[in-house]
Every structure is written in C-alpha cells, then in structure tokens.
Amino acid sequence: ELPIWADLVKTSVANELAPYGEDWYYIRAASIARKVYLRPGLGVGSLRKWYGGNNRNGVRSEHFRKANAGIIRSALLQLENMKVTEKCENGGRKMSRVGQQDLDRIAASVFYDAEEE
C-alpha cells in the first residue's frame, strides 16, 4: 500500500527533487526485498548507507549523505506485514520462507520470459 506521503518526500538529503515515477515506492520496496534476500541481517542503517549518495554543494566539495530512513523503515514494515521478511534474533531483517519462495518464483518467471524473447 502506497503511503500518503509518498508524493511529497525525497529519497535522500543529497537529492534535489522527489522521484518522478509514480511507482518509485514499489520499485524501492522490491529492491529492499532483494537486498534482504541476498544479505540476511540487513537493517535500516545499512540500507540507508546503500541507498545514500553524494551531496553536491555547487563549487564546494561533495560529501556522502545517507538516504531517508523513514522510506526504508516503512517499506520493511510493509514487507514484514506481508510475511515476506521477518526480524532476526540479533538485529536486522531476513527473508521468511514464504518470501523466499515468492522471490524465487518471480525471478524464475522473469528469467523464462526473457529467455523466450
């Protein structure tokens, strides 16, 4: 479910504008699900670092800035409500059994569709 604030937020301090696409939140949630699938135990902090970028200051030197934590946290909570991810006992998130089966099924269908073309 798309949050009501999704059309108002930037994805990072380093970005000047909000995302243009209407489905950017779903793409980010799918990307977060894939990251958690590949590296169990990821938390909001490490995902903030992954999605962050350089804040360009015009003439001055650029510095790295982390991504918006609220977007990542809300996507993780929605994935948890859909039973795709679950909390690890020592922090972070991991894929649930149902979530792993779903992602494997989706990846296989995308692979076979690309192979047919």
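Given the structure is predicted, the values throughout are model-derived calculations rather than measurements.
Side-chain polar atoms of T85 and Y37 form no donor-acceptor pair below 3.5 angstrom. Side-chain polar atoms of D7 and Y25 form no donor-acceptor pair below 3.5 angstrom.
Think of F111 as one node in a network of Ile, Leu, Val, Met, Phe, Trp and Tyr side chains linked at under 4.5 Å; its network also takes in Y112.
In terms of hydrophobic clustering, with Ile, Leu, Val, Met, Phe, Trp and Tyr side chains grouped at heavy-atom distances under 4.5 Å, L103 and V110 are assigned to different clusters. In the hydrophobic cluster analysis, where Ile, Leu, Val, Met, Phe, Trp and Tyr join through side-chain heavy atoms closer than 4.5 angstrom, I71 is grouped together with L2. The hydrophobic cluster containing L38 also contains L79, counting ILVMFWY residues as joined when their side-chain heavy atoms lie under 4.5 angstrom apart, directly or transitively. Put simply, L76 and V9 are part of two different groups of oily side chains (I, L, V, M, F, W, Y) that touch within less than 4.5 Å, one to the next. Cluster membership for Y51 and F64, using ILVMFWY side-chain heavy atoms within less than 4.5 angstrom, is not shared.
Residues N57 and H63 share a closest heavy-atom pair of ND2-CD2, 3.9 Å. Taking both residues in full, the closest heavy atoms of A75 and I32 are given as CB-CD1, 3.8 Å, listed atom of the first, atom of the second, then distance. The minimum heavy-atom distance linking A14 with G53 is given by the pair CB-O, 3.8 Å. Across G91 and C88, no two heavy atoms sit closer than the pair O-CB, 3.1 Å. Closest approach of E16 to K10, counting heavy atoms only: O-CD, 3.7 Å.
For the atom pair CD (E62) and CG (N54), the distance works out to 4.0 Å, reported to the nearest 0.5 Å. We find the CG-CZ distance between N68 and R73 to be 9.0 Å, quoted to the nearest 0.5 Å. The distance from the CD1 atom of I106 to the CZ atom of R34 is 13.0 Å, given to the nearest 0.5 Å. Taking NZ from K66 and CD1 from I72, the interatomic distance works out to 10.0 Å, rounded to the nearest 0.5 Å. Distance check: S61 OG to R56 CZ gives 12.0 Å after rounding to the nearest 0.5 Å.
Side-chain atoms of S31 do not come within 3.5 Å of backbone N or O of I27 as any donor-acceptor pair. Side chain of S96 to backbone of K83: a donor-acceptor contact under 3.5 angstrom is found. A donor-acceptor contact shorter than 3.5 Å is absent between the side chain of E80 and the backbone of K87.
The side-chain heavy atoms of K35 and L47, taken from C-beta on, include a pair separated by under 4.5 Å.
With a 6.0 Å radius and a threshold of 12 heavy atoms from other residues, nucleotides or ligands, E115 has its CD atom above the threshold.
Under 4.0 Å is where a charged nitrogen must lie from a carboxylate oxygen, and between E86 and R93 no such pair does.
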